[in-house]
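Structure record follows, encoded as structure tokens.
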There are 2 protein chains.
Amino acid sequence: MSGSQLRRSLPIFSIGSVMQLTELSARQIRYYEEHELITPQRTEGNRRLFSLNDIDRLLEIKELLEQGVNLAGIKKLMEVKEQNTAIEAVKQEEKPRRDLSEKELRNLLRSELLQAGKYKSSLRQGDMSRFFH
Amino acid sequence: MSGSQLRRSLPIFSIGSVMQLTELSARQIRYYEEHELITPQRTEGNRRLFSLNDIDRLLEIKELLEQGVNLAGIKKLMEVKEQNTAIEAVKQEEKPRRDLSEKELRNLLRSELLQAGKYKSSLRQGDMSRFFH
DNA sequence: TTTTTCATGTAAGAAAAGCTAACATTTGTT
DNA sequence: AACAAATGTTAGCTTTTCTTACATGAAAAA
């Protein structure tokens, strides 16, 4: 997994932040988790910790709901998408990789997270185009 | 201010997340704030909310402390840096800009935050090189 | 048209995480 | 030794999040 993919799955956002960023209620977010559309990590104290990927998913869910797709349908779509990215991953798989130490990993994650778009600015709309074309 | 600059100053991280990302204690983080090296936002309920810029600063502080610079010195360095970026900003200032609505702004922030390095992977070390060369 | 189902709202009680303030400890300086 | 700077630790309080349960509005099914 590349650095940026690691960064995007780093669990760091509280539900409060996610509410702000997605404009979803806590109830909605928990409900989608209940239906296994997202599976955020937990702290030791059982609080949810969301990654950028989770937020991305939530925005997709929101979009699809607005378009009239129900949760069952969204789940199917997610599964298809999962498969596709899994296939993509396999294609990349033929490259050797060395193991990273705990510390290297943490530093990697950190710099990846922090550099995020620091020197570039690009607007991009949601990822729905992957489903409809 | 460009989208990416806006994104980098979005207050979204709890102190817990910042502790993980920076490997600083809550005490340290609050102490640096007390000495005005960072000024995180607050929630309605008075909890600190940190931006990517805040985290960046904290990492700089940590680095400089390890190099033997005390807080007073770090504060000076920060001020110089502030001035420089302010000057940079002025140079950019000669371009007209239109006002954004609340909603446009929120969407901008969100997509900027979420797209962050989605399709690229680049490692970059801390920003200390701006001070020492 | 009733009755279900789906998605969401709301409330209560408990627990986690964060806040400030105060005092303690460590390390380096005068 | 006395002091200052940076950080640790503790206490009491507040905010946020957790789960669970029940309520509601709109759409789908009967």
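Each chain gets a letter, A, B and so on, in the order its sequence line appears, and its residues count up from 1. Bear in mind the structure is a predicted one, so any value in this text is a computation, not a measurement.
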Without decimals, in angstroms, what is the distance between His35(B) NE2 and dA5(D) P? 8 Å

In whole Å, what is the span from the CD atom of Gln20(A) to the C1' atom of dT16(D)? 13 Å

Between Glu36(A), Glu60(A), Glu34(A), which is the residue that forms a salt bridge (charged side-chain N to carboxylate O under 4.0 Å, His left out) with Lys75(A)? Glu36(A)

Arg42(A) side-chain proximity, nearest of dA17(C), dT15(D), dT19(D): dT19(D)

If the threshold is 4.0 Å, N to carboxylate O, is there a salt bridge linking Asp56(A) and Arg8(A)? yes

Roughly how many Å is it from CG in Leu64(A) to P in dC6(C), rounded to a whole number? 18 Å

If you pin Leu65(A) and Asn46(A) to their nearest nucleotides in DNA chain C, which one's is more 5'? Leu65(A)

Measure from CE on Met19(B) to C1' on dA16(C) and round the result to the nearest Å. 14 Å

Closest to side chain of Arg30(A), choosing from dT17(D), dG9(C), dA5(D): dT17(D)

Counting only side-chain nitrogens and oxygens, does Tyr31(B) get under 4.0 Å of the OP1 or OP2 atom of dA6(D)? yes

Measure from the side chain of Tyr32(B), starting at C-beta and using heavy atoms only, and say which of dT7(D), dT8(C), dG8(D) lies closest. dT7(D)

Nearest to the side chain of Gln28(B), which nucleotide is it out of dT7(D), dT19(D), dC22(D)? dT7(D)

Using a 4.0 Å heavy-atom cut-off across all strands, classify Arg48(B) as base, sugar-phosphate, or nothing. sugar-phosphate

Of the nucleotides dT9(D), dG9(C), dA17(C), which has the atom closest to the Arg27(B) side chain? dT9(D)

Toward the 5' end of DNA chain D, which comes first, Ala26(B) or Gly45(B), by nearest nucleotide? Ala26(B)

What heavy-atom pair brings Arg57(A) and Leu37(A) nearest, and what distance separates the two atoms? NH1-O, 2.6 Å

Write down the distance between CD (Glu34(A)) and P (dT8(C)), rounded to a whole number of angstrom. 12 Å

Quick check on dA17(C): is either OP1 or OP2 less than 4.0 Å from any side-chain nitrogen or oxygen of Ser14(B)? no

Provide, to the nearest angstrom, the distance between the CD atom belonging to Glu66(A) and the P atom belonging to dT8(C). 10 Å

State which of dA7(C), dT16(D), dA17(C) makes the closest approach to the side chain of Thr43(A). dA17(C)

Evaluate whether atom CD of Glu79(A) has more than 12 neighbouring non-hydrogen atoms of other residues, nucleotides or ligands under 6.0 angstrom away. yes

Ala72(B) vs Ile15(A), nearer the 5' end of DNA chain D by closest nucleotide: Ala72(B)

Report the distance from atom CD1 of Ile29(B) to atom C1' of dG8(D), rounded to the nearest whole Å. 14 Å

As an exercise, state the distance from NZ of Lys81(A) to CD1 of Ile74(A), rounded to the nearest 0.5 Å. 12.0 Å

From the set dA22(C), dC19(C), dA6(D), return the single nucleotide nearest to any side-chain atom of Asn70(B). dA6(D)

Side-chain-base donor-acceptor pair under 3.5 Å for Arg47(A) and dT16(D): yes

Rounded to the nearest Å, what distance is computed from the CD1 atom of residue Ile74(B) to the P atom of nucleotide dA5(D)? 14 Å

Mind checking whether Leu49(A) and Leu10(A) have side chains closer than 4.5 Å, heavy atoms only? no

